[in-house]
Amino acid sequence: MKEVQIQLNGEQRNVPEGMTIAALLEDLGISTGKVAVERNRTIEARSGFGQAELQAGDQLEIVRFVGGG
Amino acid sequence: MSSVKPVRSAENLVVAGRIFRSRLIVGTGKYRDYAENAAAAEAAGAEIVTVAVRRVNIANPNEPMLVDYLSPEKYTFLPNTAGCFTGEDAVRTLRLAREAGDWNLVKLEVLSDPDTLYPDMIETLHALKLLVADGFEVMVYCSDDPVMCRRLEDEGAAAVMPLGAPIGSGLGIQNPLNIRLIAEQSRVPVLVDAGVGTASDAAVAMELGCDGVLLNTAIAEAADPIRMAKAMKLAVKAGREAFLAGRMATRRYGAASSPKDGLL
């Protein structure tokens with residue numbers, strides 16, 4: 001299967017071509033309901049994770065709430 | 001903008017039209033673990049907790065999650081921008097927070113100097129304008145400058161939150177004159193955010209006329225955080241009651257409490 005390289009939370013990563021954000025989250029074991037995703041500095045709506053296909057060179061940020069003051 | 005409604009209330013803390021019975025907002029950083037954190041928030045009687053936004057640990061996505069211990073159903077999450085040094089970073093962080101949590105009530109904090117953690121008020125004002133235009137309700141961490149607090153209010157801040165002393169310092173309120181001026185002039189709620197070290201500091205903030213107190217380290221770094229959380233809850237209530245009661249005038253000399261008539 002052909003792979004494309006993306007940047008995930010600051011680190012290079014190869015993912016299958018055409019992989020969606022929803023599939024990536026599932027692959028990583030991350031529960032969709034507790035995170036927000038930004039691609040190339042634009043917020044990805046949670047409702048669109050299933051359709052959002054990753055492209056070569058995408059810069060992805062997956063964030064969650066942590067303790068803070 | 002002079003269309004800001006008078007939203008300060010004697011009974012409750014009212015922020016952006018939301019009513020809270022507790023005037024104590026607690027942070028969720030620096031605790032031993034999320035379980036202790038949850039117990040402290042409970043003991044503090046807090047209804048709002050501040051939270052930070054950070055990258056998911058890809059190597060360990062199953063690490064404990066804050067939301068599994070402090071439920072967003074029970075607490076109003078107040079996402080902060082701690083660690084942001086530019087207005088753009090702060091706006092980016094809060095847009096992610098809104099997507100993660102679906103809340104538009106946020107805490108804006110744009111720092112300048114990594115040693116003092118003093119806020120950069122130019123960047124803060126800039127970010128506030130962007131956030132208000134984007135539909136956020138913004139509680140703003142700021143310097144204890146009455147002029148700047150007025151500017152923030154005019155730009156649509158939902159609350160102004162001047163520092164009592166540097167973040168995490170525990171030094172108490174260093175400039176009570178300014179905090180009182182800000183509390184007196186403001187039409188939006190005023191909360192002392194940062195610098196509270198122990199219960200008396202929280203009581204002083206409330207006696208000066210503030211609407212609330214936001215603190216984190218004073219509880220998290222106490223030897224017994226749960227007990228300190230309870231102390232803070234009582235101090236905020238006591239300080240508020242004292243402010244509403246109206247304190248006695250001070251005198252430079254003694255004034256006897258017992259009558260002078262009828263002495264033996």
Side-chain angles (χ1 to χ4, degrees), chain A, chain B residues 25-31 33-34 36-38 41 49-70 72 77-83 88 92-93 95-103 107 109 117 141 167-168 193-194 214-220:
Chain A
M1 191 189 302
K2 197 182 167 201
E3 292 196 326
V4 293
Q5 193 176 66
I6 63 165
Q7 199 175 74
L8 174 60
N9 283 5
E11 291 184 9
Q12 301 293 335
R13 191 180 189 95
N14 290 322
V15 298
E17 188 175 38
M19 187 183 218
T20 63
I21 290 175
L24 175 67
L25 289 174
E26 192 181 343
D27 199 42
L28 294 169
I30 296 170
S31 166
T32 317
K34 296 172 180 174
V35 298
V37 177
E38 182 193 71
R39 168 155 60 170
N40 304 328
R41 294 255 170 175
T42 303
I43 302 270
E44 287 283 343
R46 195 172 286 148
S47 56
F49 285 176
Q51 292 80 49
E53 290 187 4
L54 296 167
Q55 309 290 328
D58 272 352
Q59 297 204 359
L60 218 59
E61 295 286 349
I62 306 175
V63 303
R64 75 216 189 282
F65 289 124
V66 301
Chain B
I25 300 177
V26 297
T28 56
K30 298 186 182 174
Y31 285 92
D33 51 38
Y34 283 141
E36 182 180 73
N37 194 334
V49 297
T50 59
V51 297
V53 178
R54 292 291 182 270
R55 284 172 167 168
V56 170
N57 182 358
I58 300 294
N60 181 17
N62 295 317
E63 66 185 354
M65 296 277 261
L66 174 73
V67 291
D68 295 331
Y69 291 84
L70 288 139
F77 273 30
L78 186 65
N80 72 18
T81 58
E88 271 66 26
R92 182 185 180 199
T93 299
R95 284 185 177 144
L96 278 164
R98 180 166 61 183
E99 184 63 21
D102 208 21
W103 309 291
K107 171 181 164 179
E109 164 180 336
L117 299 181
Y141 170 65
I167 294 170
D193 178 0
L214 194 164
L215 57 85
N216 185 349
T217 312
I219 293 177

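Interface residue B:Val67: only side-chain heavy atoms are found under 4.5 Å from chain A. Contacts between B:Asp68 and chain A at a heavy-atom distance below 4.5 Å involve the side chain alone, from C-beta outward. Neither the backbone nor the side chain of B:Ala194 comes within less than 4.5 Å of any heavy atom of chain A. Of the atoms belonging to A:Glu44, it is backbone heavy atoms, and not side-chain ones, that fall under 4.5 Å from chain B. Contacts of B:Tyr34 with chain A are made by side-chain atoms alone, with heavy-atom separations under 4.5 Å and no backbone atom involved. For chain A, the nearby part of B:Lys107 is the side chain; its heavy atoms alone come within less than 4.5 Å. Only the side chain of B:Glu63 comes within less than 4.5 Å of a heavy atom of chain A; its backbone N, CA, C and O stay farther away.
The nearest pair of heavy atoms linking A:Phe49 to A:Thr20 is O-CB, 3.6 Å. The two residues B:Ala41 and B:Val49 come nearest to each other via the heavy atoms CB-CG1, 4.3 Å. Minimum heavy-atom separation, B:Ala100 to A:Arg46: O-NH2, 3.2 Å. Taking each heavy atom of B:Tyr69 and B:Pro64 in turn, the nearest pair found is CE1-CB, 4.2 Å. A:Leu54 and A:Arg39 get closest at one heavy-atom pair: CA-NH1, 3.6 Å. Taking each heavy atom of B:Thr28 and B:Thr50 in turn, the nearest pair found is OG1-O, 2.8 Å.
Residue A:Gln7 places its CD atom among more than 12 non-hydrogen atoms of other residues, nucleotides or ligands, all under 6.0 Å distant.
The contact list for residues 59-69 of chain A toward chain B, using heavy atoms and a distance under 4.5 Å, reads A:Glu61, A:Ile62, A:Val63, A:Arg64, A:Phe65, A:Val66, A:Gly67, A:Gly68, A:Gly69 by residue number.
In this structure, the side chains of B:Ile58 and A:Arg13 come closer than 4.5 Å at one or more pairs of heavy atoms. A 4.5 Å side-chain heavy-atom check between B:Tyr141 and B:Leu214 finds every atom pair outside the cut-off.
No other option in B:Leu215, B:Leu66, B:Ile167, B:Leu96 has as many heavy-atom pairs under 4.5 Å with chain A as B:Leu96.
Atoms CZ and CZ, on B:Arg95 and A:Arg41 in that order, are 11.5 Å from each other to the nearest 0.5 Å.
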